[in-house]
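The chains referred to below are lettered A, B, ... by the order of the sequence lines, with proteins before strands, and numbering in each begins at 1.
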Amino acid sequence: MRALAGIFMGLIGLVLAAPLAVVAGISLNQRKMMLFPPQGLSFQWYGELFRDEGWRNAMLNSLSLALCAALFATSIALPIAYAVWRWNSRFARALHAMGSTPFILPPVITALGFLVFWTMSGFYGSFGAVVISHGIFLVTLPLITVSLGFAGIDPAYTEAAATLGADDRTVFRTVVLPMVLPYVVSGFVFAFVISLNEYIISYMVAGFTVETLPIKVFNSIRYGYTPVMAAVSVVFILVALVAFGLVGRFGDLPRLLGAWAPKD
Amino acid sequence: MRAYGRSTLVLAYPALVLGMFLLVPFGIMAALSVFRRVPAGTFEPAMVPDNYLNLLTPFFLDRIGFTLGLSAAVAVVCVALGFPFTYLLTRLPRRRQVPWLVFLLAVLALSEVIVGFAWSVLLSRTAGLSNLLVWLGLLSQPESWAPGLTAMMLGLCYLAFPYTVLVLYPSLSRLDPSYLEAARTLGASPLRGFFGVIVPVSRPAILATLVMVFVFALGAYVLPQLLGRPQHWTLAVHITDQALSRSNVPAAAAMSITLLLASLALVLVTAALGNRRKEQP
Amino acid sequence: MPDLHLTGIVKHYGSVVAVDHVDLHLPAGKFVCFLGPSGCGKTTLLRMIAGLEAPTKGRIKLGEEDITDRPTHRRGVGMVFQSLALFPHLTVGENIAYGMRIRNAPKADTERRVEELLQLVHLPGLGSRNVSQLSGGQRQRVAIARALALDPALFLLDEPLSALDAKLREAMQVELRLLQRRLGVTTILVTHDQREAMTTADLIAVMAHGRVQQIGSPLEIYRNPANTFVADFIGSTNMLPASIAERPGAVWVDGVVFPVAKLPAGVAPGREVTLSVRPEELHLLTGDMDQRGEAVLTGTVSFVRDVGQSVEVFVECGGRSVTVVGSPKEVPPVKAGDAVRVAFPAEACVVLAQ
């Protein structure tokens with residue numbers, strides 16, 4: 001029975017890994033061909049990613065977009081999660097519900113909303129417009145993780161700090177913030193990685209002016225194959241694995257994803 | 001009163017930002033959906049149901065039906081595979097769960113563009129699976145399996161599977177292990193215990209997950225273009241097509257609002273059902 | 001050091017009354033226990049003193065100063081929480097130094113004080129440890145040191161020992177009492193454990209249903225409980241329904257006249273009362289032993305519990321169970337089924353009007 005379970009999980013893992021493995025394989029082809037197993041072994045297409053100006057720009061665009069958007073999303077999520085935890089007011093809960101919706105809905109809806117909004121306000125195609133759009137779309141992720149972090153703080157901690165002479169602001173700075181920081185960082189990482197990979201919102205808000213990596217890959221696919229696409233894909237997979245790996249290494253991933261805290 | 005003041009201060013910035021960049025865009029979109037389109041590719045303020053009525057043409061009804069059917073199929077396949085998988089995952093020791101979770105998150109985060117690209121390679125003639133079958137002697141010569149409906153289904157399920165697992169994960173990891181143990185002591189085989197005990201107790205979670213994955217699949221945009229043919233385009237593709245290629249923003253807005261209301265209604269009903277169940281002792 | 005005065009304290013949570021008109025005067029330098037079953041309002045009262053809850057009505061005064069509306073962080077109380085609430089992201093030393101750090105006290109002073117406090121709670125040199133590396137008893141001491149770090153006017157403890165095992169708990173009770181005596185800080189300990197209260201307190205305030213039932217020294221409360229609740233909650237007791245006799249200084253119990261040392265004020269003959277007698281005050285008589293002029297009830301032994309150190313005899317007296325406790329030397333050898341008499345010394349009979 002246990003063997004059967006192992007085989008089932010292994011098979012699923014294999015199917016999940018197969019496309020990634022094939023992409024990794026073709027990224028190593030010596031010539032500009034899509035062959036698997038690869039013929040010859042070369043890392044030149046990874047180099048191309050940095051040498052070619054188009055790809056390099058797309059990479060820089062993606063990185064700075066993801067960084068700003070994740071910061072923006074986290075900066076919105078933190079005060080909402082704090083207010084829900086601290087005062088649990090109707091207003092705070094309403095904002096919490098609002099922040100949770102965009103990520104659950106089909107992204108095309110949010111994308112169209114932003115398209116008309118930025119067109120009307122005259123910022124269509126600007127970098128700032130993409131940052132704000134991504135930030136709003138992704139606010140759900142830090143909102144979930146930071147709320148979990150707050151929920152884990154025993155009120156006795158803040159009360160203890162108050163009896164020791166700390167006012168609200170000091171309690172927040174010296175007790176609450178250090179305790180939720182891992183959750184804030186996790187939320188930031190989640191938002192960062194998803195923003196890096198996001199296609200449709202970037203495309204509809206600034207598809208022709210701010211070329212991100214996913215947009216560039218999609219455009220390239222239309223014009224034919226280049227192994228750089230495979231190289232980019234591998235880089236994306238690695239970035240996601242490393243980022244979530246770090247969260248898993250230093251944070252409590254099962255709890256972040258909704259399991260109970262470990263029994264001690 | 002003082003607490004009220006401070007809470008307002010703390011919430012001023014998020015309220016402003018969400019109001020400005022979330023409520024206003026959705027409001028504009030809702031307004032546009034009843035505007036009248038003028039032939040020059042723009043629109044004029046009005047209060048007409050035309051854009052919604054246009055959705056009732058055979059073409060769009062067919063597209064809506066196709067999108068719903070496709071999403072439902074993806075949801076069923078993903079939950080059917082994802083439920084036993086998640087159950088087994090949550091029974092692993094924590095230290096072995098973490099690598100799985102990292103891997104699933106990484107796959108989930110992958111851009112639709114990259115997933116589409118990877119599957120088109122995997123199903124291609126030159127680098128794909130068929131080469132393996134030729135090598136094994138099961139096929140005489142490599143063939144291309146994409147684009148097509150099957151390729152698109154595969155890609156969509158691949159996209160939605162990690163999401164399914166992560167939606168199921170909380171409720172299954174909180175499941176009391178003594179359920180299955182009790183069934184085992186009463187003489188049930190593990191498989192019988194799973195179908196006779198675990199699946200029935202988890203029915204609310206399964207229903208909720210079906211809805212969540214269904215809504216998730218509704219959002220697929222790139223995969224239908226990369227792995228499907230034009231007759232496989234989903235509503236999401238048509239929305240952008242109307243907005244960008246055909247410059248018919250009111251039509252796109254009407255489709256978006258329809259999709260929005262349907263998704264929201266589904267999610268809210270599911271959430272309400274979940275809450276009601278929780279309140280019961 | 002000032003006294004603490006609570007006047008007319010009331011606390012409502014919606015329609016629930018947690019604390020119901022409490023008036024208390026807690027003299028400076030005393031160790032006071034709020035003792036009562038769970039839900040009696042003792043923790044709520046302590047939290048109002050700390051400023052963690054606002055009373056619905058009533059005033060709290062420290063000496064001449066009214067502190068009712070003063071926020072917690074300016075009250076100068078030191079508190080040990082039930083969960084201890086040691087900050088997990090700080091070391092032992094940083095936890096103790098927390099109050100001084102946020103006041104920007106000079107570093108050298110802070111370090112000196114932390115070491116001094118660690119000495120005080122018998123944990124010298126553990127300042128750089130992580131909180132998670134400590135045992136339960138050690139954490140307790142760190143929490144105590146942290147609460148005492150700023151020389152608080154009031155030292156408050158909310159059931160801090162309840163998580164410890166029985167042996168460690170008793171040792172900590174003694175240690176806590178000695179520490180308090182050394183420092184002379186006014187201390188309030190909330191507990192549901194009457195043994196803990198008897199061990200530590202100068203004064204015990206017994207609480208039930210949001211009210212203070214009785215306040216007094218441990219022995220006073222034990223010997224002269226104010227009502228049936230206190231008599232029953234503190235130690236174990238025999239409670240018998242009785243009525244005031246016409247004869248002065250006596251009550252009727254099951255048709256027998258019981259002389260008693262003291263009657264409650266203002267009770268008329270015929271009034272229904274309760275007689276409370278501690279089991280260790282009773283004498284068990286067999287055969288033709290002399291009853292020395294004490295009131296007696298006759299009965300049959302139903303069960304004997306002999307734990308070596310003491311013997312407990314359960315006697316059925318006319319449908320009522322009476323328990324007698326004594327050392328093996330005092331209690332005559334009896335077994336279940338023996339006919340015995342139970343003698344009630346007048347000075348041990350406490351008459352409770354309510």
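For F123(A), the CZ atom counts as loosely surrounded, since its 6.0 Å shell holds 12 or fewer non-hydrogen atoms of other residues, nucleotides or ligands. Annotation: R192(B), atom CZ; neighbour count of heavy atoms from other residues, nucleotides and ligands within 6.0 Å does not exceed 12. Counting heavy atoms of neighbouring residues, nucleotides and ligands inside a 6.0 Å radius, atom CZ of R125(B) does not exceed 12 of them.
Neither side chain, T67(B) nor W233(B), offers a donor N or O lying under 3.5 Å from an acceptor on the other.
Interface check for chain B: of the options I80(A), V15(A), I194(A), the most heavy-atom pairs under 4.5 Å are formed by I80(A). When each of V193(A), V217(A), I221(A) is scored by its heavy-atom pairs under 4.5 Å with chain B, the top score falls to I221(A). Looking only at heavy-atom pairs under 4.5 Å with chain A, the residue among L218(B), L166(B), L110(B) that has the most is L110(B). Ranked by heavy-atom pairs under 4.5 Å with chain A, the first of T240(B), T90(B), V107(B) is T240(B). The greatest number of non-hydrogen atom pairs below 4.5 Å with chain B, out of T119(A), I136(A), V22(A), is found for I136(A). Between chain A and the options A253(B), P162(B), A236(B), the largest number of non-hydrogen pairs under 4.5 Å is found for A236(B). Interface summary for chain B: among V242(A), V108(A), I109(A), the most heavy-atom pairs under 4.5 angstrom belong to I109(A). The greatest number of non-hydrogen atom pairs below 4.5 Å with chain A, out of G219(B), S111(B), P99(B), is found for S111(B). The candidate with the highest count of non-hydrogen atom pairs below 4.5 Å against chain A, out of L259(B), V215(B), I239(B), is L259(B). Ranked by heavy-atom pairs shorter than 4.5 Å toward chain B, the options L257(A), I104(A), V139(A) are led by L257(A). With chain A as the partner, the residue from L18(B), L235(B), I28(B) showing the most heavy-atom pairs under 4.5 Å is L18(B).
Taking NE2 of H96(A) as the start and CG of N88(A) as the end, the distance is 10.0 Å to the nearest 0.5 Å. S100(A) OG to I144(A) CD1: the interatomic distance, rounded to the nearest 0.5 Å, is 6.5 Å.
Heavy-atom distances place both the backbone and the side chain of L88(B) under 4.5 Å from chain A. For F21(B), the parts sitting under 4.5 Å from any heavy atom of chain A are the backbone and the side chain alike. In this structure, the portions of V17(B) lying under 4.5 Å from any heavy atom of chain A include both its backbone and its side chain. Of the two parts of I26(A), only the side chain, counted from C-beta on, holds a non-hydrogen atom closer than 4.5 Å to a non-hydrogen atom of chain B. Within the 4.5 angstrom heavy-atom criterion, only side-chain atoms of T101(A), from C-beta onward, approach chain B. For chain A, no part of L123(B) is nearby; none of its heavy atoms comes within less than 4.5 Å. At a 4.5 Å heavy-atom cutoff, the contact between L89(B) and chain A is made by backbone and side-chain atoms alike. The contact between F161(B) and chain A is made entirely by side chain atoms (from C-beta outward), counting heavy-atom distances below 4.5 Å. Within the 4.5 angstrom heavy-atom criterion, atoms from both the backbone and the side chain of P214(A) approach chain B. For A77(A), no part lies under 4.5 angstrom from a heavy atom of chain B. For L172(B), no part lies near chain A; criterion is any non-hydrogen pair under 4.5 Å. Interface residue R86(A): only side-chain heavy atoms are found under 4.5 Å from chain B. Heavy-atom distances place the side chain of F8(A), and not its backbone, under 4.5 Å from chain B. For Y203(A), the part sitting under 4.5 Å from any heavy atom of chain B is the side chain, from C-beta outward, and nothing else. For I132(A), the part lying near chain B is the side chain, with the backbone staying farther off; criterion is any non-hydrogen pair under 4.5 Å. Contact of S233(A) with chain B is made through backbone and side chain together, with heavy-atom distances under 4.5 Å. Of the atoms belonging to L115(A), it is side-chain heavy atoms, and not backbone ones, that fall under 4.5 Å from chain B. Residue contact with chain A, scored on non-hydrogen atoms closer than 4.5 Å, involves the side chain of F26(B) exclusively. Of the atoms belonging to M212(B), it is side-chain heavy atoms, and not backbone ones, that fall under 4.5 Å from chain A. Heavy-atom distances place no part of A94(A) under 4.5 Å from chain B, backbone and side chain included. Of the two parts of L11(B), the backbone and the side chain both hold a non-hydrogen atom closer than 4.5 Å to a non-hydrogen atom of chain A. Within the 4.5 angstrom heavy-atom criterion, only side-chain atoms of V267(B), from C-beta onward, approach chain A. Both the backbone and the side chain of P84(B) come within less than 4.5 Å of a heavy atom in chain A.
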Side chain to side chain contact (heavy atoms under 4.5 Å, CB included) assessment of E198(A) paired with L65(A): CA-CA 10 Å; E198(A) 206 287 328; L65(A) 165 63; over 6 Å; no
CA sep, side-chain torsions, deciding dist, call: Y169(B), L101(B), side chain to side chain contact (heavy atoms under 4.5 Å, CB included): CA-CA 10 Å; Y169(B) 184 75; L101(B) 292 174; 3.8 Å; yes
Side chain to side chain contact (heavy atoms under 4.5 Å, CB included) between L16(A) and L104(B), worked out: CA-CA 9 Å; L16(A) 287 177; L104(B) 287 164; 3.9 Å; yes
From CA spacing to verdict: side chain to side chain contact (heavy atoms under 4.5 Å, CB included), L20(A), F103(B): CA-CA 12 Å; L20(A) 312 180; F103(B) 179 53; 4.3 Å; yes
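The heavy-atom pair separating S186(A) from V247(A) by the smallest distance is OG-CG1, 3.9 Å. Residues V205(A) and S133(A) approach most closely at CG2-OG, 3.7 Å, considering heavy atoms. Taking every heavy atom of both residues into account, V24(B) and M20(B) meet most closely at CB-O, 3.2 Å. Of all heavy-atom pairs between L159(B) and L108(B), the closest is O-CD1, 4.3 Å. In this structure, A243(B) and V249(B) approach most closely via the heavy-atom pair O-CG2, 4.3 Å. Nearest approach of V130(A) to A206(A), heavy atoms of both residues: CG2-CB, 3.5 Å.
Residues W100(B) and F85(B) bring their aromatic ring centres within 6.0 Å. When ring centroids are compared, Y82(A) and F172(A) come within the 6.0 Å threshold. For Y124(A) and F117(A), the ring centers sit 6.0 Å or farther from each other.
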